[in-house]
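The structure appears below as structure tokens.
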Amino acid sequence: MLQVPGATSYMGGIGKDKFGEEMKKNSRLAGVNVHYYEDETTPTGTCAVCIVGDDRSLVANLAAANCYKSDHLKRPENWALVEKAKYIYIAGFFLTVSPDSIQLVAEHAAANNKIFSMNLSAPFICEFFRDVQEKALPYTDFVFGYETEARTFSKVHGWETDNVEEIALKISQWPKASGLHKRITVITQGVDPVCVAEDGKVKKFPVQLLPKEKLVDANGTGDAFVGGFLSQLVQEKPIEECVRAGCYAANVIIQRSGCTYPEKPDFH
């Protein structure tokens, strides 16, 4: 979406094997500056995807993705990337792997007036990793999620509401570790409007609906939405432009098999 090679850096865990090499090669070809932790004894994570009609299910073998250590993050060449970054995004799935890494980065972002974002990622994260999620939440300036994750978050916290707008608002008003930025909650709802909660108000942005025959594979659409959103946020565009870019990116991904995309975006 940015079309600026090396503007984005990424860290995570892979194994020393052909899948790990493939990850490095393809990430770099896509213009991402990757600094992977390479585990000597564990293979690179893999995932089986079962698609039935429009629905999909994932069975992940996390393997090396589950082995990331904060020691790797603290290495000077890796921490230098954190220091250079102005915007930081961590998927909620990483809460199951290395909460101490998240805390280090979150505290750095708060202390240096940087934008720190996270994703609710999955209902099971909200249910079974509540403590580490709550520890990271005060540092978040943007929280992304899908309606089912938002409703699970509400249930876990005893809010007794299924109303996505209300939940988005409550998450946005969660106490903050740093008062330099307000928190904005962005909840997607499939074909229903995107809910954005900020400053005690909720705005709804309609999504561009696709005909059923164009829906190929929903795999990666949520991540694509966040990627598109962040591509405009880092350019300091208004929220409505960020949402528009997120919807555009999700629409591209959902029309293709696997998490693939054309060589260049035609987002204007």
Side-chain angles (χ1 to χ4, degrees), residues 9-13 35 37 45 60 62 64-75 78-79 81-83 85-161 164 166-188 195-200 222-223 226 229-230 233:
S9 294
Y10 183 87
M11 279 186 248
H35 280 224
Y37 164 68
L62 294 170
N66 226 9
C67 300
Y68 189 86
K69 307 279 186 295
S70 57
D71 295 351
H72 177 264
L73 175 67
K74 291 173 187 169
R75 282 186 206 159
N78 297 329
W79 190 253
L81 295 177
V82 178
E83 292 192 318
K86 293 177 186 167
Y87 294 81
I88 296 162
Y89 170 73
I90 300 179
F93 290 119
F94 197 63
L95 287 164
T96 72
V97 178
S98 183
D100 56 329
S101 295
I102 294 176
Q103 221 49 33
L104 281 169
V105 174
E107 286 167 15
H108 165 83
N112 292 277
N113 197 15
K114 295 178 174 185
I115 299 291
F116 180 73
S117 310
M118 278 193 79
N119 203 314
L120 297 176
S121 285
F124 83 88
I125 300 285
C126 304
E127 284 178 295
F128 303 114
F129 294 87
R130 175 179 172 167
D131 292 353
V132 283
Q133 189 180 57
E134 283 183 2
K135 205 173 168 191
L137 206 57
Y139 295 92
T140 55
D141 301 305
F142 282 85
V143 173
F144 296 95
Y146 183 60
E147 58 183 323
T148 47
E149 297 145 16
R151 288 188 176 119
T152 304
F153 189 94
S154 170
K155 185 178 159 193
V156 165
H157 290 89
W159 288 349
E160 295 181 355
T161 178
V164 172
E166 206 179 316
I167 298 162
L169 208 52
K170 282 170 108 66
I171 293 172
S172 73
Q173 291 164 340
W174 194 278
K176 277 196 107 262
S178 156
L180 294 166
H181 303 287
K182 61 190 174 185
R183 181 182 301 107
I184 297 174
T185 312
V186 184
I187 307 292
T188 58
C195 280
V196 178
E198 64 172 313
D199 293 331
D223 296 313
V226 175
F229 187 101
L230 293 175
L233 186 72

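Side-chain atoms are counted along with the backbone in the values below, which use heavy atoms only and exclude waters and symmetry mates.
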Which pair of non-hydrogen atoms, one from M11 and one from N78, has the smallest distance, and what is that distance?
CE-O, 3.4 Å
Taking atom CD of E160 as the centre, report whether more than 12 heavy atoms of other residues, nucleotides or ligands fall under 6.0 Å from it.
no
Are F153 and L137 side-chain neighbours, meaning at least one heavy-atom pair lies under 4.5 Å?
yes
Donor-acceptor contacts, no H, no angles, side chain residues 95-105, under 3.5 Å, sequence neighbours left out:
from: T96; atom 1: OG1; to: F93; atom 2: O; distance (Å): 2.9
from: S98; atom 1: OG; to: D100; atom 2: OD1; distance (Å): 2.9
from: S98; atom 1: OG; to: S101; atom 2: OG; distance (Å): 2.6
from: D100; atom 1: OD2; to: S70; atom 2: OG; distance (Å): 2.8

Is there a side-chain contact between W79 and L73 in this structure, where contact means two heavy atoms from C-beta onward sitting under 4.5 Å apart?
yes
Is K114 reaching over with its side chain to a backbone N or O of I88, donor-acceptor style, under 3.5 angstrom?
no
With under 30° as parallel and over 60° as perpendicular, where do the rings of W159 and H157 fit, or are they tilted in between?
tilted
Side-chain contact, heavy-atom cut-off 4.5 Å: L230 with F144?
yes
Is there a donor-acceptor pair under 3.5 Å between the side chain of D141 and the backbone N or O of F116?
yes
How many angstroms lie between OG in S154 and CD in E166, if you round to the nearest 0.5 Å?
7.5 Å
Just verifying a value: how many Å separate Q133 CD and T140 OG1, rounded to the nearest 0.5 Å?
9.5 Å
How long is the straight-line distance from OH of Y89 back to CE of M118, given to the nearest 0.5 Å?
8.5 Å
Donor-acceptor contact below 3.5 Å, side chain T185 vs main chain A168
yes
Hey, does I125 have a side-chain heavy atom less than 4.5 Å from the side chain of E149?
no
Quick check: closest heavy atoms across C126 and R130, and the distance to 0.1 Å?
O-CB, 3.7 Å
Would you check if the side chain of N119 reaches a backbone N or O of S121 as a donor-acceptor pair within less than 3.5 Å?
yes
May I ask you to check whether over 12 heavy atoms, not counting those of K176, lie within 6.0 Å of atom NZ?
yes
Spacing of CZ belonging to F128 relative to OG1 belonging to T152, to within rounding of 0.5 Å:
10.0 Å
Between R151 and E147, is there a side-chain N and carboxylate O pair less than 4.0 Å apart?
yes
So, R183 side chain and P175 main chain: donor-acceptor pair closer than 3.5 Å or not?
yes
From CD1 (I171) to CD1 (I187), nearest 0.5 Å
5.0 Å
Closest non-hydrogen atom pair between A110 and L180, with its separation:
O-CD1, 4.0 Å
What heavy-atom pair brings S172 and A197 nearest, and what distance separates the two atoms?
CB-O, 3.7 Å
Do you know the tightest heavy-atom contact between I115 and F142?
CG2-CD1, 3.8 Å
Side chains of Y139 and E107: does their closest heavy-atom pair fall under 4.5 Å?
yes
Which heavy atom of G200 sits nearest to which heavy atom of L169, and what is that distance?
C-CD1, 3.5 Å
